[in-house]
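Throughout, residue positions are numbered sequentially from 1 according to the sequence presented.
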Amino acid sequence: MARTNYRIGVMLSTTGSYSVVARSMLNGALLAFREINAGHDDIALEPVVVNPAGDLASYRSLSLQLLGSGVRHVVGCYTSSSRKEVIPCFEKFDGLLWYPSHYEGFESSDNVIYTGAAPNQHVLPLVDYLASRVGSRAFCVGSNYIWAWENNRIFREALAARGGTVLAERYLSVGDTEVDQVIAAIIDQRPDFVFNNLIGTSAYAFFRAFRAACRARGIDQAAEIPVASCTLSEPELPEIGPDAVDGHLSSSVYFSSLNSAENGAFIRAYTSSFPDGPVSSADAEASYIAVKLLGAALSQAGTDDARTVRAAVADQRLCAPQGEVRIDRQTFHAWLTPRIGRSTVSGQFEVLLESREPIAPDPYLVQSSPRFASAMRSPLLKVVQS
């Protein structure tokens, strides 16, 4: 049987302030391309890799170049600002963006397939965990763009519904590492925890400086003012450094320490293919999932027409490293398995709680009752480790 070759765009900022995560995402995508090409007799996928280097204008121009060259499907973008920048291009040329990153929700587009976590799959589980086990007084920090603005808004309303309060919010420009004033304000307020939406080098500088400032004042930061994130992942832990790497909470649908046959096979293949790293992450797995689902949909559709492939992807089921994943036909977001982890000195996350089963995406938070009463209350969550 003759194989049909499809050119697939891969658009990730493998240089710039959040390049560590983006390089792990590229690795996850490339691994999926290799597996599809080795396992399918009817299709072959040719990755066309471009690097916007974190520049929003480059995201737009590279999207237009890919779509103008006949590419109909692009796996890419990490930040919400880059996704927002390119969606009009995909709508104009009727392509599909396969977005492989957790995000703030409150969006739908006929030209996007979302394989990362929606807010009910990462923010609400974290609120539930923090309010029930850590405390009710939060200090929010974030990079100054839509991801942090919206995540902090959702978090603030969800925490208020649980009887908690946000003491203050502070924002830094993406890549800004001048964190001393923010840290001084946090220590002055003494919240029960910090909700962190800083990304890339800003986050790494914050973790280091916050641990050092607390240590200088005799504060056990991890125990007394833990930092909780929806972004922190394994490739970033070495960037923080050994003096401040442990004790940080992360809400995610995937950790590389998961003990399952599917994840074991994934980690072995990933490590063998990319021995120089970065190590795997939730975003790497989301990129892997995006390409695997795209390949299955292309095989079923027999064409790369965006509308036909979009219809076909809702029929797919994937035994992913995190567990079963499928695309919701109503929202074209993924059913995923929420988890809470805590970083360790070994550069991994120990899983503290996890959902008993994949959770339906709710990008507009319309299924919670009341709206921000956590969708992740027991019996859905089970304790893995205290």
Worksheet item: Hey, is CD on Q189 packed in by over 12 heavy atoms from elsewhere, all under 6.0 Å?
Response: yes
Worksheet item: K84: what forms a salt bridge (charged side-chain N to carboxylate O under 4.0 Å, His left out) with it, not counting sequence neighbours?
Response: E107
Item to complete: For residues F155 and C140, report the shortest heavy-atom separation together with the two atoms involved.
Response: CD2-SG, 4.2 Å
Worksheet item: Got a donor-acceptor contact below 3.5 angstrom from the E285 side chain to the Q322 backbone?
Response: yes
Item to complete: Using the test side-chain contact (heavy atoms from CB on, under 4.5 Å), find all partners of R310 that sit at least two apart in sequence or belong to another chain.
Response: L96, D110, I113, F332
Worksheet item: Does any pair with a residue in residues 17-44 pass ring-ring contact (aromatic ring centres under 6.0 Å, His included), and if so which ones, sequence neighbours excluded?
Response: Y18-Y78
Worksheet item: Below 4.5 Å, heavy atoms only, C-beta onward: do V279 and P235 meet side chain to side chain?
Response: yes
Worksheet entry | Over 12 non-hydrogen atoms of neighbours within 6.0 angstrom of CG in N5 | yes
Fill in: Nearest heavy atoms of G70 and R7, plus distance in Å
C-NH1, 4.5 Å
Item to complete: Determine, stepwise, if the pair Q367 / N120 fulfils side-chain hydrogen bond (donor to acceptor under 3.5 Å, both in side chains).
Response: CA-CA 9 Å; Q367 301 301 321; N120 72 304; over 6 Å; no
Please list every donor-acceptor pair under 3.5 Å in which a side-chain atom of residues 204-232 meets a protein atom from a residue at least two apart or in another chain.
{"from": "Y204", "atom 1": "OH", "to": "E236", "atom 2": "OE2", "distance (Å)": "2.9"}
{"from": "R208", "atom 1": "NH1", "to": "E239", "atom 2": "O", "distance (Å)": "2.6"}
{"from": "R211", "atom 1": "NE", "to": "Q221", "atom 2": "OE1", "distance (Å)": "2.6"}
{"from": "R211", "atom 1": "NH1", "to": "D246", "atom 2": "OD1", "distance (Å)": "3.1"}
{"from": "R211", "atom 1": "NH2", "to": "Q221", "atom 2": "OE1", "distance (Å)": "3.0"}
{"from": "R211", "atom 1": "NH2", "to": "D246", "atom 2": "O", "distance (Å)": "2.6"}
{"from": "R215", "atom 1": "NH2", "to": "D243", "atom 2": "O", "distance (Å)": "3.1"}
{"from": "R217", "atom 1": "NH1", "to": "A213", "atom 2": "O", "distance (Å)": "3.0"}
{"from": "Q221", "atom 1": "NE2", "to": "I225", "atom 2": "O", "distance (Å)": "3.1"}
{"from": "E224", "atom 1": "OE1", "to": "R190", "atom 2": "NH2", "distance (Å)": "3.1"}
{"from": "E224", "atom 1": "OE2", "to": "D220", "atom 2": "N", "distance (Å)": "3.0"}
{"from": "S229", "atom 1": "OG", "to": "N196", "atom 2": "ND2", "distance (Å)": "3.0"}

Worksheet item: Residues two or more places apart in sequence or in another chain: which of them pass salt bridge (charged side-chain N to carboxylate O under 4.0 Å, His left out) with D305?
Response: none
Discussion item. Looking at every heavy atom in both T308 and A301, which two are closest together, and how far apart are they?
Written reply: CG2-CB, 3.7 Å
Discussion item. Taking side-chain contact (heavy atoms from CB on, under 4.5 Å) as the definition, give me every residue that meets it alongside S287, ordered by chain and number, with sequence neighbours left out.
Written reply: M25, A29, P100
Worksheet entry | E169 backbone acceptor or donor facing R156 side chain under 3.5 Å | no
Worksheet item: For R72, which residues count as a salt bridge (charged side-chain N to carboxylate O under 4.0 Å, His left out) partner, sequence neighbours excluded?
Response: D304
Worksheet item: Residues in side-chain contact (heavy atoms from CB on, under 4.5 Å) with A168, at least two apart?
Response: F139, R170
Practice prompt. Applying side chain to side chain donor-acceptor pair (under 3.5 Å) between E234 and each of S343, S256, S250, report the one that passes.
Written response: S256
Discussion item. Applying ring-ring contact (aromatic ring centres under 6.0 Å, His included) as the test, list every pair that has at least one member in residues 288-313; sequence neighbours left out.
Written reply: F266-Y288
Worksheet item: When rounded to the nearest 0.5 angstrom, what is the spacing between CZ in R137 and CG in L159?
Response: 11.0 Å
Practice prompt. Could you tell me whether the side chain of Y254 reaches within less than 4.5 Å of the side chain of I289, counting heavy atoms only?
Written response: no
Discussion item. If I compare all heavy atoms of R339 with all of V253, which pair ends up nearest, and what's the gap?
Written reply: NH1-O, 2.8 Å
Item to complete: Sorted by first residue and then second, give each side-chain hydrogen bond (donor to acceptor under 3.5 Å, both in side chains) pair with at least one member in residues 142-152; sequence neighbours left out.
Response: N144-W149, W147-N197, E150-R153, N151-N197, N152-Y171, N152-N197
Fill in: Within the 6.0 Å centroid threshold, strictly below: Y364 and H333
no
Worksheet item: Relative to the ring of Y114, is the ring of Y99 parallel (under 30°), tilted (30 to 60°) or perpendicular (over 60°)?
Response: perpendicular
Worksheet, complete the sentence: For N111 and D94, the nearest pair of non-hydrogen atoms, with its separation, is ND2-OD1, 3.3 Å
Worksheet entry | Side-chain donor-acceptor pair present, R60, S63, cut-off under 3.5 Å | no
Response to the item:
Contacts of V50 meeting side-chain contact (heavy atoms from CB on, under 4.5 Å) (sequence neighbours excluded), chain-then-number -> M11, L62, L66
Discussion item. Holding to salt bridge (charged side-chain N to carboxylate O under 4.0 Å, His left out), I want the full list of residues that pass it with E91, two or more places apart in sequence or in another chain.
Written reply: none
Discussion item. Run the side chain to side chain contact (heavy atoms under 4.5 Å, CB included) test on H102 and S251 for me, step by step, so that the C-alpha distance in whole Å, both residues' side-chain angles and the decisive distance to 0.1 Å come before the verdict.
Written reply: CA-CA 10 Å; H102 46 266; S251 179; over 6 Å; no
Worksheet item: N27 versus L31: any side-chain heavy-atom pair under 4.5 Å?
Response: no
